[in-house]
Amino acid sequence: MDEQISAVREAVIAGNAPETEAAVHAGLAAGLSAKRLLDEGLVEGMRHVGQLFEEGEYFVPEMLVAARAMKAGLAILRPQLMEAAIEPKGKVVIGTVRGDMHDIGKNLVGMMLEGAGFEIRDLGVNVAPERFVEVVQNEHPDIVALSALLTTTMPNMAAVIEQLKAAGVREQVKVLVGGAPVTESFAQRIGADGFAPDASQCATLASSLVS
Ligand code: B12
């Protein structure tokens with residue numbers, strides 16, 4: 001069993017997309033849960049890649065191919081990770097803030113929220129504060145979910161909140177923030193409505209905010 005999980009992890013670390021796909025398929029065929037293949041395989045592999053980058057063993061190209069491998073694996077797990085929801089619980093606008101290109105965590109959060117019954121409007125990466133405001137004004141979502149993976153782009157989360165205030169629409173939406181460097185205390189400091197450390201806790205939090 002654990003052999004299949006480590007095969008997934010190793011394939012992500014090696015940045016090998018076809019092998020990642022094969023290992024995920026093999027894991028599912030062996031009866032492993034999508035959640036374990038995700039948490040202990042794909043996410044764990046990616047965490048290790050981050051470590052290797054920090055240690056100077058990996059560079060940007062290696063991170064990029066690892067990201068591609070992880071995405072390939074995620075695509076296979078997607079249907080399993082989503083429960084069938086009948087009526088949308090609410091609408092979530094999600095995006096990675098300005099200056100930031102990381103989208104794997106954001107995509108995972110979007111997927112889990114969709115699985116939890118939310119309608120998702122994904123604005124992509126490098127999203128300007130003005131764009132979030134525009135979509136809130138025009139589409140009236142219940143929640144705005146902001147992702148940032150760089151310490152240098154975290155302040156742009158605060159900028160979104162400031163601009164929502166300036167436009168007079170801050171009270172119409174709940175703002176959730178997350179991403180590897182983001183913390184609960186940072187979320188409080190910038191006046192966000194919530195923080196979650198991972199995608200499944202984000203889905204639980206979002207559900208409690210709209211109920
Ligand atoms: C893959 C990767 C890349 C890929 C991204 C590909 C892609 N399409 O996303 C590429 C190669 C492009 C990249 C580029 C860069 N990267 Co990079 N990257 C990573 C790496 C290895 C993994 C990130 C990842 O996908 N993790 C897996 C996902 C599932 O986890 P996650 O994103 O944290 O998301 C989870 C939670 O945080 C949470 N979450 C996420 N979003 C949200 C939102 C909400 C609302 C909530 C509630 C929760 C939530 O839920 C998610 C799922 O559970 C990290 C290392 C790390 N440990 O994070 C470095 C890392 C983030 N990168 C880093 C750096 C420095 C860079 C570059 C500046 C490198 C360079 N010199 O060019 C550039 C910046 C480009 C830019 N402008 O954005 C640093 C950041 C350091 C810092 N403190 O700011 C890190 C930490 C690596 C390191 N250890 O030094 N990177």
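Side chains included, hydrogens not; waters and symmetry mates left out as well; all remaining heavy atoms used. Both counts, for ligands and for their atoms, begin at 1 and track the order of listing.
Listed by number with element, the atoms of ligand 1 under 4.0 Å from a non-hydrogen atom of Gly99 are 76 (C), 77 (N), 78 (O). Listed by atom number, the atoms of ligand 1 under 4.0 Å from Val60 heavy atoms are 11 (C), 69 (C), 70 (C), 72 (O). Atoms of ligand 1 found under 4.0 Å from any heavy atom of Gly50, numbered from 1 in the order shown, are 21 (C), 55 (C), 89 (N). Counting atoms of ligand 1 from 1 in the listed order, those under 4.0 Å from a heavy atom of Asp198 are 38 (C), 50 (O), 53 (O). Taking every non-hydrogen atom of Ala145 and a distance limit under 4.0 Å, the qualifying atoms of ligand 1 come out as 45 (C). Counting the atoms of ligand 1 from 1 in the order shown, those under 4.0 Å from a heavy atom of Cys202 are 47 (C). Applying the 4.0 Å criterion to heavy atoms of Leu176 picks out, from ligand 1, the atoms 45 (C). In summary, the atoms of ligand 1 found under 4.0 Å from a heavy atom of Asp100, numbered by their order in the structure, are 78 (O).
Of all the heavy atoms of Leu108, the ones lying under 4.0 Å from any atom of ligand 1 belong exclusively to the side chain. Under 4.0 angstrom from ligand 1, there are no non-hydrogen atoms of Pro181.
At under 3.5 Å, a nitrogen or oxygen of Ala199, whether backbone or side chain, sits near a nitrogen or oxygen of ligand 1. For ligand 1, the polar-atom distance check against Ser147 finds a nitrogen or oxygen pair separated by under 3.5 Å. Residue-to-ligand polar distances place Glu54 within reach of ligand 1: an N/O pair is separated by less than 3.5 Å. Polar contact check, Ala180 against ligand 1: a nitrogen or oxygen pair lies under 3.5 Å apart. Of the N or O atoms in Val177, none lie within a sub-3.5 Å distance of an N or O in ligand 1. Remark: ligand 1 and Thr151 share an N or O pair separated by less than 3.5 Å (distance only, no angle test).
Judged purely by atom type and a 3.5 angstrom limit, Asn126 has no side-chain atom pairing as donor or acceptor with the backbone of Met101. Remark: the backbone N or O of Leu150 is paired with a side-chain donor or acceptor of Asp100 at under 3.5 angstrom. Of the possible donor and acceptor atoms, one in the side chain of Tyr58 sits under 3.5 Å from a partner among the backbone N and O of Ile13.
Using a cut-off of 4.0 Å between Lys/Arg side-chain N and Asp/Glu carboxylate O, Asp193 and Arg170 are scored as salt-bridged. Ion pairing between Glu114 and Arg78 holds under the 4.0 Å rule for side-chain N and carboxylate O.
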